[in-house]
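The structure appears right after this line, and notes come after that.
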Amino acid sequence: MSDRSVVSGAVTTDVDGGGAGEIPALAPRADFPILAREVNGKPLIYLDSAASSQKPTQVLDAMDTFARTSYSNTHRGAYTLAEEATGAYERARKQVARFINASSVREVIFTRNTTESINLVARTWAEANLRPGDTVLTTEMEHHSNIVPWQLAAERTGARVDYVPLTDDGELDQAAYERLLETAKPKLVALTQMSNVLGTLPPVKEMIAKAHAMGALALLDGAQSVPHLPVDVRALDCDFLAFSAHKMLGPTGIGALWGRRELLEAMPPFLGGGSMIREVKMSGSTWADLPQKFEAGTPAIIEAVGLGAAVAYLSALGMEQVRAHEHALTRYALERLATVPEIRIFGPGAEARGGTISFTLGDIHAHDLATLLDRDGIAIRAGHHCAQPIMDRYCIPATARASFYVYSTSSEVDALAEALERAHGVFAL
Ligand code: C6P
């Protein structure tokens, strides 16, 4: 990684960003081989990092080298490769623990992704703790991964799910939140740290403090925050945090659940099988210590190494710089996109959001827009983004969504705005 990569959101002349007045990429674009390809004869402009980010050579090489030289199963053999593989896997856990400032490496459970991490809590903690009439409080702004597991838990336990409503500006209604804490007395508040549709960054620290004051635990969905902001579980004082490697420069197939040690220790296991036991008798079994208790079966070993390399790459960039870069780009994008005729941008202003912008353009369907932009080599996402309650709240079937990351530049924002202007012209005919 070059020294230049730590210059954040600066307005400079730069090979990674174009001419003077540009916001260059924070990370060297040459680190990301896929960004050199063309799509439909045009240079790829990748604006769908909120769905899945691209991987730098450093991550690809770390996985490749490990697979070529040190791969075997973990925690099982007494031979050299098994020790090396176990060491690499556990090093990745330490890197993740440090990245989120966990107080113990045992508090980091590797899962497949954010979805599995939340389901783990919604099966084990919820079944052990929820009783008929209890409430889990989530919000109208959540991804389905932070709604459906609680609905399923409620069906199994007789508890109910309540929702903090959204305001017209795409914020969580804080007065309603306080009312719901008072009236519903939830056992747990399940809250996103950043909306994957509106980009909103709710005031989670204050919301967690209020939840605790009312005796509720707080789970954070960090799928969109951990890749883009400094996240410190001790400073936030949350009880659980869920996130996915593939949105933070790492591979698919691995994510993490961080949980407070005493809570994880008290929770029953999630999946049963190899690796998660202390002793198995035909009359019954006992469980391994954390984190193995929650890691049944052969884990995603190569992917863990990739996640470790992704964390190292992001740490070298600096998460404050990542946030500053995306903030600068988002502020620029909100201004530039506002000049596109008939555009409607959802969510709050740049100060209260991350680098994800959802919009509609006149009555052009979001899917048509995404298809048209693809002809210009521009990748954006279209649909309900697994957040149908948000679509219902704003009475829309879908949005188009552009999202930024460490390799994004203001030239790409300009290309997006110009392509939208052309699309508007085509559909206006
Ligand atoms: N959002 C998007 O395009 P998984 O699929 O388990 O890695 O992540 C689920 C998830 C949970 N919470 C939030 C806030 C998310 O944004 C996501 C994934 C992608 O918005 C895919 S739908």
Side-chain angles (χ1 to χ4, degrees), residues 16-18 22-57 59-60 113 143 194-199 223-224 227-228 244-252 310 322 325-326 329-330 332-334 336-337 340 343 345-347 353-361 364-387 398-424 426-427:
D16 282 334
E22 298 277 336
I23 301 172
L26 176 65
R29 285 174 65 89
D31 283 354
F32 296 81
I34 203 168
L35 298 180
R37 72 161 283 183
E38 293 192 339
V39 170
N40 295 321
K42 306 278 172 52
L44 168 65
I45 294 181
Y46 187 73
L47 297 177
D48 197 20
S49 293
S52 211
S53 62
Q54 298 299 346
K55 291 179 262 312
T57 307
V59 169
L60 297 168
N113 47 37
H143 187 279
M194 173 175 156
S195 163
N196 66 317
V197 177
L198 306 168
Q224 298 293 343
H228 300 283
S244 302
H246 70 96
K247 294 183 197 289
M248 50 190 289
L249 310 181
T252 52
V322 171
H325 171 67
E326 293 176 18
L329 265 186
T330 304
Y332 177 75
L334 288 174
R336 178 67 185 87
L337 292 176
V340 175
I343 198 165
I345 296 174
F346 295 85
R353 70 149 85 207
T356 289
I357 302 180
S358 279
F359 53 91
T360 54
L361 191 61
I364 308 172
H365 195 281
H367 285 123
D368 293 336
L369 207 51
T371 306
L372 212 57
L373 263 59
D374 184 55
R375 291 192 202 158
D376 289 325
I378 302 175
I380 60 165
R381 188 173 172 188
H384 55 61
H385 314 290
C386 301
T399 68
R401 185 189 71 183
S403 50
F404 312 127
Y405 209 5
V406 293
Y407 36 71
S408 305
T409 70
S410 59
S411 312
E412 293 182 315
V413 172
D414 292 334
L416 169 69
E418 286 155 22
L420 291 175
E421 280 157 4
R422 282 195 297 280
H424 181 262
V426 168
F427 279 92

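Predicted, not measured: the structure shown is a model, and the values here were computed from it.
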Aromatic plane relationship, Tyr407 with Tyr405 - under 30° parallel, 30 to 60° tilted, over 60° perpendicular
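Tyr405 and Tyr407: perpendicular rings.
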At what distance, to the nearest 0.5 angstrom, does [atom1] of [X] lie from [atom2] of [Y]?
{"X": "Leu369", "Y": "Leu361", "atom1": "CG", "atom2": "CG", "result": "5.5 Å"}
{"X": "Arg29", "Y": "Ile34", "atom1": "CZ", "atom2": "CD1", "result": "11.5 Å"}
{"X": "Ile357", "Y": "Arg336", "atom1": "CD1", "atom2": "CZ", "result": "12.5 Å"}
{"X": "Ser52", "Y": "Leu249", "atom1": "OG", "atom2": "CG", "result": "10.0 Å"}
{"X": "Leu35", "Y": "Tyr46", "atom1": "CG", "atom2": "OH", "result": "10.0 Å"}
{"X": "Leu373", "Y": "Asp368", "atom1": "CG", "atom2": "CG", "result": "11.5 Å"}

If you compare all heavy atoms of [X] against all heavy atoms of [Y], which two are closest, and at what distance to 0.1 Å?
{"X": "His325", "Y": "Ser408", "value": "NE2-O, 3.0 Å"}
{"X": "His385", "Y": "Ser358", "value": "NE2-OG, 4.3 Å"}
{"X": "Asn40", "Y": "Asp374", "value": "ND2-O, 2.8 Å"}
{"X": "Ser411", "Y": "Glu22", "value": "OG-OE1, 2.6 Å"}
{"X": "Ala366", "Y": "Ala382", "value": "O-CB, 3.3 Å"}
{"X": "Pro251", "Y": "Ala245", "value": "O-CB, 3.4 Å"}

Go through Lys42 and Asp376 one step at a time and tell me if the salt bridge (Lys or Arg N to Asp or Glu O under 4.0 Å) criterion holds.
CA-CA 6 Å; Lys42 306 278 172 52; Asp376 289 325; 3.6 Å; yes
Checking [X] side chain against [Y] main chain: does a donor-acceptor pair fall under 3.5 Å?
{"X": "Thr409", "Y": "Glu412", "result": "yes"}
{"X": "Lys247", "Y": "Ser49", "result": "no"}
{"X": "His424", "Y": "Ile364", "result": "no"}
{"X": "Ser53", "Y": "His246", "result": "yes"}
{"X": "Asn196", "Y": "Ala50", "result": "no"}

Got [X] and [Y] here, is their nearest side-chain heavy-atom distance under 4.5 Å?
{"X": "Val39", "Y": "Ile45", "result": "no"}
{"X": "Pro33", "Y": "Leu60", "result": "yes"}
{"X": "Phe359", "Y": "Thr399", "result": "no"}
{"X": "Val59", "Y": "Phe32", "result": "no"}

With sequence neighbours left out, write down each residue that passes side-chain contact (heavy atoms from CB on, under 4.5 Å) with Ser195, or none if nothing qualifies.
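Residues passing side-chain contact (heavy atoms from CB on, under 4.5 Å) with Ser195: Met141, Val197, Leu198, Thr200, Ile390.
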Partner of Arg401 by side chain to side chain contact (heavy atoms under 4.5 Å, CB included), out of Ile380, Thr356, Leu47:
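For Arg401, the side chain to side chain contact (heavy atoms under 4.5 Å, CB included) check succeeds only for Thr356.
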